[in-house]
Visitor: 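Can you keep this structure in mind? I'll have questions shortly.
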Amino acid sequence: MFLQFHKSPLFLKIIFIISIAIIFFIGGITFKHITVLKKSSDFVSKSHEVNTELERLVSFVKDAETGQRGFLLTKDKNFLEPYLKSKILVKKSFNKISQLTQNSRTQQANLKKLLFYINKRQNYLSKSIYLTKDKNYNKNELAKNLSIGRKTMDSIRSKIEDMMITEKILLINRQQEYISTMNYTPLLIYLTLIITLVLITFAFLKMNGDLVLLKKTINTLTVANEASNLAEIVGDFGSWQFNLETETFTFSDNEYRLLGCEPQSFTASAEAFFQFIHPDDLQHVKDNSVNVQSEVDLPPFTYRIIRKDGQIRYFRALARVVTVSSGERTQIGTTSDVTSEVQAKQLMEQRNRDLESNNKELMAFNYIASHDLQEPLRKIETFLSRLVSKDYQNLSLSGQQYVTSIQSSAKRMRVLIDDLLQFSRTNKAEKIFEKTDLNTVLSHVLQELAPTIEEKKANITSEELPVFDAIPFQIQQLFTNLIGNSLKYSKENTAVEIKITATTCTVENEENLPDTVTGTDWYYKIKIHDNGIGFEQEYANKIFILFNRLHNKNEYAGTGIGLAICKKIIENHQGFITANATLNEGATFTLYFPILS
């Protein structure tokens, strides 16, 4: 099941989706990694920028202090210009540092203290300048302000140094993070490329394998299609398809040939095909065409068509609705030319009618034989009997011989008519099978043949015979004819010995049994052996033919019908009979009855 799934298109789609998902996943990780790398780079740049800006801030504060000192010494207002500009530059630089360090709580706390010191320093600078503008200012107070300003400046330098040290520490950490990120970035990118190449390679190999398989499949289908076309020509049938979704037909080339047309000489459609159907069968075909669209399978049906050349042919259609891989329901069917088969069937039906007529004539003959022929025969026998009893002595010697010959011929005619009626009854008798004990049947036969047995001083021995389903009176007739045959063809001055044996056998172990369709391989095998006059083995098959005799009628009485009746009885029981004999040594008749469950 896994191998079938591995080869299915769904498997390739799943692999493709997984590949896309993995690529997006790795791409997302890579993007995140690069973002972290960029962020680390930004942090490093900001650290450098913060340090630079802190140095500028100190410089701006120093410029203000320098401007104040020059003014105090020279009383020249031109020295106040750097002082005044520094206020704006200090504020601008401080705001920039505050923006650069907004994500650092430590630096923000340091900035608050730094702002306090800067404001304090600027206040004392302003106060000192203000005092010096008054000619009567207090020099002690000015000295005090200058001392406090100097200390504040020292605090500003100290706080800026703290901030620079803190920023340096942050810079070191960020540089280490940046280096670490940089170390992993090539590996991640390389891993992404490797996985991408593996997935692309796998997809390529799978698609290439599918393309190779598709090519082989196309080649196989091409050969199969050509073989199918050839088979249609040889088999004298065509094929067609009807897409139930698009309602479009497709005819094979031989479908056109069956209609007497060139392949693909007209557009395949139901209307075009209906034009070739015999008018008397058109409605029948239309009704079946409707049924096949509502059922999965349609039993075959036969109809007539009129070919393009005017010939009337018999077609047989068979159709089935299937669902193809795309999900569309398609009706596929075959059309066979069964004209020869239909004509053969019609000929057989005609012969069956002729045979039935002949059988009726034979039945009429049997009736004549059993009634009309027997009536004059009885009269002949009656008048002969009266002639013999009253006027036989008055006849000449030659006349008496004629009468004796007529009596013998009439008797033979009586036996022949009785045997024919017996054979006829064996052919047409109702075959009612019932459980039959052959031992009981043999007992009745011996009672029936008791006078002949006593006359011949015959010794008849038998093994235990089987019990099976049979037609009792026919089985009794069978044993009567065979045992009677052994008694009739016995040797003079020799005690008659008849031995009956019974065993079972199989088709494989018995060469006399052909391959049969009785439904079993096992048979009852019954042998009837005698020590009579026998016959030449070359006549073994001829003795079962009707009216066939091996001896002159003057030597042994009989009509040559008895063994033919035996064979017919065996055939009625789906069995077989064979004969084996040696001249002047005896004969053996072997009976095979199938053992049916």
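Throughout, residue positions are numbered sequentially from 1 according to the sequence presented.
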Visitor: Charged N to carboxylate O under 4.0 angstrom, Lys499 versus Glu463?
Guide: no
Visitor: Taking atom OG1 of Thr267 and atom CD of Glu271, what is their separation to the nearest 0.5 Å?
Guide: 11.5 Å
Visitor: Partners of Glu455 by side-chain contact (heavy atoms from CB on, under 4.5 Å), sequence neighbours excluded?
Guide: none
Visitor: Are the side chains of Arg316 and Thr335 in contact, using a 4.5 Å heavy-atom criterion?
Guide: no
Visitor: Do the non-hydrogen side-chain atoms of Ile453 and Leu446 ever get within less than 4.5 Å of each other?
Guide: yes
Visitor: Any heavy-atom pair between the side chains of Gln350 and Gln346 that's under 4.5 Å?
Guide: no
Visitor: Enter the distance from Ser486:OG to Ile533:CD1 here, rounded to the nearest 0.5 Å.
Guide: 10.5 Å
Visitor: Could you check if a side-chain atom of Leu259 sits within less than 4.5 angstrom of a side-chain atom of Phe273, using non-hydrogen atoms only?
Guide: yes
Visitor: Before we go on, tell me: are the rings of Tyr256 and Phe251 under 6.0 Å apart, centre to centre?
Guide: yes
Visitor: In Å, rounded to the nearest 0.5 Å, how long is the span from CD of Glu341 to CE of Met348?
Guide: 10.0 Å
Visitor: Please check if the side chain of Asp530 supplies one atom and the backbone of Ala587 the other of a donor-acceptor pair under 3.5 Å.
Guide: yes
Visitor: Side chain of Lys456, backbone of Ser490: donor and acceptor closer than 3.5 Å?
Guide: no
Visitor: About how many Å separate CD1 of Ile312 and OH of Tyr314, when rounded to the nearest 0.5 Å?
Guide: 7.5 Å
Visitor: Which is it for Lys527 and Thr501 under the side-chain hydrogen bond (donor to acceptor under 3.5 Å, both in side chains) test, yes or no, and what are the steps along the way?
Guide: CA-CA 5 Å; Lys527 285 187 175 183; Thr501 61; over 6 Å; no
Visitor: Is it true that atom CD of Glu349 has more than 12 heavy atoms of other residues, nucleotides or ligands lying nearer than 6.0 Å?
Guide: yes
Visitor: Which atom pair, heavy atoms only, marks the closest approach of Pro263 to Arg257?
Guide: CG-NH2, 3.8 Å
Visitor: Tyr592 vs Ile526, test: side chain to side chain contact (heavy atoms under 4.5 Å, CB included). Steps then yes/no.
Guide: CA-CA 7 Å; Tyr592 297 95; Ile526 300 173; over 6 Å; no
Visitor: Check the pair Ile577, Thr590 against side chain to side chain contact (heavy atoms under 4.5 Å, CB included), reporting the backbone distance first and the verdict last.
Guide: CA-CA 6 Å; Ile577 182 171; Thr590 305; over 6 Å; no
Visitor: Could you pull out the closest heavy-atom pair between Gln474 and Asn572, with the gap in Å?
Guide: OE1-ND2, 3.2 Å
Visitor: Does the side chain of Tyr523 come within less than 4.5 Å of Phe576's, by heavy atoms?
Guide: yes
Visitor: Going by the angle between their ring planes, with limits at 30° and 60°, are Phe589 and Phe535 parallel, tilted or perpendicular?
Guide: tilted
Visitor: Taking only residues two or more places apart in sequence or in another chain, which ones pass salt bridge (Lys or Arg N to Asp or Glu O under 4.0 Å) with Lys525?
Guide: Glu510
Visitor: Give the table of side-chain donor-acceptor pairs shorter than 3.5 Å for residues 436-445, with sequence neighbours excluded, one pair per line with atom names and distance.
Guide:
unit_1, atom_1, unit_2, atom_2, d
Thr436, OG1, Glu434, O, 2.9
Asp437, OD1, Asn439, N, 3.0
Asp437, OD1, Asn439, ND2, 2.9
Asn439, OD1, Leu465, N, 2.9
Asn439, ND2, Glu464, OE2, 3.2
Asn439, ND2, Leu465, O, 2.9

Visitor: According to side-chain hydrogen bond (donor to acceptor under 3.5 Å, both in side chains), who are the partners of Thr588, at least two apart in sequence or on a separate chain?
Guide: His529
Visitor: Stepwise, does the side chain to side chain contact (heavy atoms under 4.5 Å, CB included) test hold for Leu449 with Ile460?
Guide: CA-CA 11 Å; Leu449 298 175; Ile460 301 176; over 6 Å; no
Visitor: Looking at CD of Gln275 and CD1 of Ile305, how far apart are the two atoms once the value is rounded to the nearest 0.5 Å?
Guide: 13.0 Å
Visitor: Under 3.5 Å, side chain of Asp469 to main-chain N/O of Phe433, donor-acceptor pair present?
Guide: no
Visitor: Are more than 12 heavy atoms from other residues, nucleotides or ligands located less than 6.0 Å from atom CD of Gln311?
Guide: yes
Visitor: Applying side-chain contact (heavy atoms from CB on, under 4.5 Å), name anything that partners Glu497, two or more places apart in sequence or on another chain.
Guide: Asn459, Asn531
Visitor: Applying side-chain contact (heavy atoms from CB on, under 4.5 Å), name anything that partners Glu262, two or more places apart in sequence or on another chain.
Guide: Ser265
Visitor: For Ala272, is there any backbone N or O sitting under 3.5 Å from a side-chain donor or acceptor partner on Ser269?
Guide: yes
Visitor: Using the rule given for side chain to side chain contact (heavy atoms under 4.5 Å, CB included), can you reason through Thr461 versus Ile500, listing the C-alpha separation, both sets of side-chain angles and the distance that settles it, and then say yes or no?
Guide: CA-CA 6 Å; Thr461 60; Ile500 303 174; over 6 Å; no
Visitor: Could you tell me whether the side chain of Asn481 reaches within less than 4.5 Å of the side chain of Ile565, counting heavy atoms only?
Guide: yes
Visitor: Kindly indicate whether the side chain of Ile570, heavy atoms from C-beta on, has any atom under 4.5 Å from the side chain of Phe593.
Guide: yes
Visitor: Does the side chain of Ile471 reach to within under 4.5 Å of the side chain of His573, using non-hydrogen atoms?
Guide: yes
Visitor: When the ring centroid of Tyr524 is compared with that of Phe468, is the distance short of 6.0 Å?
Guide: yes
Visitor: Would you give the length of the straight line joining atom CH2 of Trp522 to atom OG1 of Thr506, rounded to the nearest 0.5 angstrom?
Guide: 5.5 Å
